[in-house]
Chemist: 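Below you'll find the structure I mean.
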Protein chains: 2
Amino acid sequence: MKKRQTVTLKHIAEALNLSISTVSRSLKNHKDISKETIALVHAKAKELNYFPNIFAQGFRKHRTHLIGVVVPNLTHYYSSTILEAILEEAEKKGYHVIITGSKDSYDKQIELLNTMLHLGVDGILLSLTRDTYNVDKIIKYIEQVPLILFDKVSRKVPCTQVIIDDEQAAFNAVKHLIDTGRKRIAIFKETNDSFNSLKRYEGYLRALKTNNLPFDESLVYSSKYIPLEQGRKLAETVLKNPQRPDAVFCITDNCAVGAMQVFKKNNIKIPEEIAIVGFSNSLASRIVNPNLTTVDQPGSKVGKTAINYLIDEIDNPKENYMDYKTVEIKTNLIVRESSIKND
Amino acid sequence: MKKRQTVTLKHIAEALNLSISTVSRSLKNHKDISKETIALVHAKAKELNYFPNIFAQGFRKHRTHLIGVVVPNLTHYYSSTILEAILEEAEKKGYHVIITGSKDSYDKQIELLNTMLHLGVDGILLSLTRDTYNVDKIIKYIEQVPLILFDKVSRKVPCTQVIIDDEQAAFNAVKHLIDTGRKRIAIFKETNDSFNSLKRYEGYLRALKTNNLPFDESLVYSSKYIPLEQGRKLAETVLKNPQRPDAVFCITDNCAVGAMQVFKKNNIKIPEEIAIVGFSNSLASRIVNPNLTTVDQPGSKVGKTAINYLIDEIDNPKENYMDYKTVEIKTNLIVRESSIKND
DNA sequence: TAGATTACCGCAAACGTTTGCGGGTTAATT
DNA sequence: AATTAACCCGCAAACGTTTGCGGTAATCTA
């Protein structure tokens, strides 16, 4: 019981009266080996159900075909779609993925990167914790192993980064509100902006400017984090604003949902009196009533792109920082009921 | 660049003028080594930032400290909470986790189990695909590597299984409806029942029986899968029922949400005219209006329990099938607005 | 004081794979 | 016919760790 069959090169060699080295080379179609021998070995390997011992290989070649992933959280729908894509794509390319969660703790994040390194992963996919202000340690890792950032990134880290076009997405969302006649457009964002929040804010500003709408600071609502509850709180402060906005662009779906709850409870008609736009195309956005207009973030594309860049980098080590680039994945505005006057 | 520091036992040995074997033994506090030497070696190891090469170790010891996880899907909220707990608990115990997704395909599932085996994982955590009717191949794996089932399981597989108390949970949910005065309670379930669906149906039946309510077959609504859209469809057929139910127990939150949408659209008051209870305590259940009464499945507890049983089994290999057991995690009914008359 | 323990430690083999090097055929070239 | 080239294959070392076995010196027993 619990006996693992373990057929090695040696078994094949003995069965075929060949040397271990010839068998090894045959299996990788080395040119020194005749076609007949190669065919023979492949056949026998299949017959015996041979699989290379990954540890002997990794031990020998310093190549593990393991990829480490460090993310702050994996219960968010967006995170999990990214992860799913990473897994799928990795498998296609013959890699395996070790996922870990930093629980949004910087120290844990560093610890996990350390673990990854000593685990011998071929490369690392990292989504930064919220409190990654100092990136010195992260940079140390870049010098030791191919690493690319995705989703939550920082421009201070010199490596390839895969993100969505936050600025443009926000611009489009706000432009949509303007196009549908809104004049006083508020924004719900983070107080000390994360990279994403900042970019979305910039998009908001650009949309106002491009369309000659005045910037009104009283329409900028911020809170430290932006979960559902904060959306509620911000919405309540909105109610106190003497000059109430006629639209709110929320930086996340969750806070948009929270805001909607408050507005609805106060009998403010959505979208007639106030239009709402979120960001994420979360499940909730499709469930809430009225359905939420939101920005769709193609998580699977982000994941797929990230791992492909990583594998490329593993295969072709970069020589200097100049070779790194930032890849922006295009998003789509999904217009639903929360932003357009009913039929 | 991309140079990994790699300090081995040899380096420590040379620095201390000891043999490699002595160093190796010192690091595991072998009794043959004097306390002084052990202290010395530990100090030097720390100084040089030594970490054992996991591949050399795994290669030598046939122990990888890797655990493989195979799940049908990881974007579901419930799945991801389980996974997160697995990761956290594994890390505490010094294991690493390789997660893969079978995309609910039986063939892919088998393929992944194969991969896991050849990857040399110490054990496997498996949640079955919906179409796992034949478990012969799964049983083959049990003979080769410690494996335990969680969430989606099958009694036909002789191994430890970690699940929630579906039957009791359903019983409690339906009893709640009965206690609040409902007489004609419908159920939305799967046509050809999965293990979970079946158990929940049994709980439904037992609740009716225990409370002397007649069983009415016209109140049993089934469809192949139970996503949100099917909840809508089933709800529409409910509307056609001349003797409309006054409550619906939905086997998943998603289909409950779908049902609510339809009922609301038809101006049927929830919960006054019809009460709804779901199953999952999903994010949606808290967002939908009215909030959905639902069964909370403690995913983190399921994950934690599952991996702890697995690690235990890795450490103490079972000798026969009798040693396996089924662990049921208790659930909680969360009563919200969708099932109780408003204040 | 001789013999027997005990406490420490090193030698070397083993795990399965890859790969540089060298050797032996056979066929092609001069 | 002799040289060369092309082709095919095996030997053995190496990767870093663990561990059975054996050895030495110190300590103990009688």
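Chain naming here is simple, since letters A, B, ... match the order of the sequence lines and numbering starts at 1 in each. All values derive from a computational prediction rather than experimental measurement.
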Chemist: Could you tell me how the ring of B/His118 sits relative to the ring of A/Phe51: parallel (under 30°), tilted (30 to 60°) or perpendicular (over 60°)?
Modeler: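 Judged by the thresholds at 30° and 60°, the geometry between B/His118 and A/Phe51 is parallel.
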
Chemist: Specify the separation, in whole Å, of atom CZ of A/Phe55 and atom P of D/dG16.
Modeler: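 Rounding to the nearest Å, CZ of A/Phe55 and P of D/dG16 are 16 Å apart.
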
Chemist: Calculate the interatomic distance between A/Phe59 atom CZ and D/dT17 atom C1'; express it in whole Å.
Modeler: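 Whole-Å distance recorded here is 7 Å.
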
Chemist: Across nucleotides 4-10 of chain D, 5' to 3', mark each nucleotide with B, S or - according to how protein heavy atoms within less than 4.0 Å reach it.
Modeler: ----BBB

Chemist: By side chain to side chain contact (heavy atoms under 4.5 Å, CB included), which residues pair with A/Tyr309, not counting sequence neighbours?
Modeler: A/Ile148, A/Thr160, A/Thr305, A/Lys325, A/Val327

Chemist: Rounded to whole angstroms, how far apart are NE2 on B/His11 and C1' on D/dT17?
Modeler: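 Result: 14 Å.
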
Chemist: What is the distance from CG of B/Leu9 to C1' of D/dC15, rounded to the nearest Å?
Modeler: 13 Å

Chemist: Please work out if B/Thr8 contacts a base, only the sugar-phosphate, or nothing of the nucleic acid, heavy-atom cut-off 4.0 Å.
Modeler: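 The residue B/Thr8 makes sugar-phosphate contact but no base contact.
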
Chemist: When the distance from CD1 of A/Ile54 to C1' of C/dC15 is rounded to whole Å, what number comes out?
Modeler: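 After rounding, the reported distance stands at 16 Å.
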
Chemist: The criterion is side chain to side chain donor-acceptor pair (under 3.5 Å); which residues satisfy it with A/Thr22, sequence neighbours excluded?
Modeler: A/Ser19

Chemist: Kindly write out the residues that satisfy side chain to side chain donor-acceptor pair (under 3.5 Å) with B/Ser24, not counting sequence neighbours, or none if the list is empty.
Modeler: none

Chemist: Rounded to whole angstrom units, what separation is found between the CG atom of B/Asn53 and the P atom of D/dG16?
Modeler: 7 Å

Chemist: Please name all residues satisfying side chain to side chain donor-acceptor pair (under 3.5 Å) with B/Lys103, sequence neighbours left out, ordered by chain then number.
Modeler: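 Side chain to side chain donor-acceptor pair (under 3.5 Å) list for B/Lys103, sorted by chain: A/Glu88.
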
Chemist: Should B/Tyr50 be listed as having a side-chain N or O under 4.0 Å from OP1 or OP2 of D/dG16?
Modeler: no

Chemist: Taking side chain to side chain donor-acceptor pair (under 3.5 Å) as the test, write out the residues that go with B/Lys108, two or more places apart.
Modeler: A/Glu91

Chemist: Figure out the NZ/C1' separation between B/Lys61 and C/dG16, and round it to whole Å.
Modeler: 18 Å

Chemist: How close or far is atom P of D/dT17 from atom NE2 of B/His65, stated in whole angstroms?
Modeler: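 Going from B/His65 (NE2) to D/dT17 (P), I get 15 Å.
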
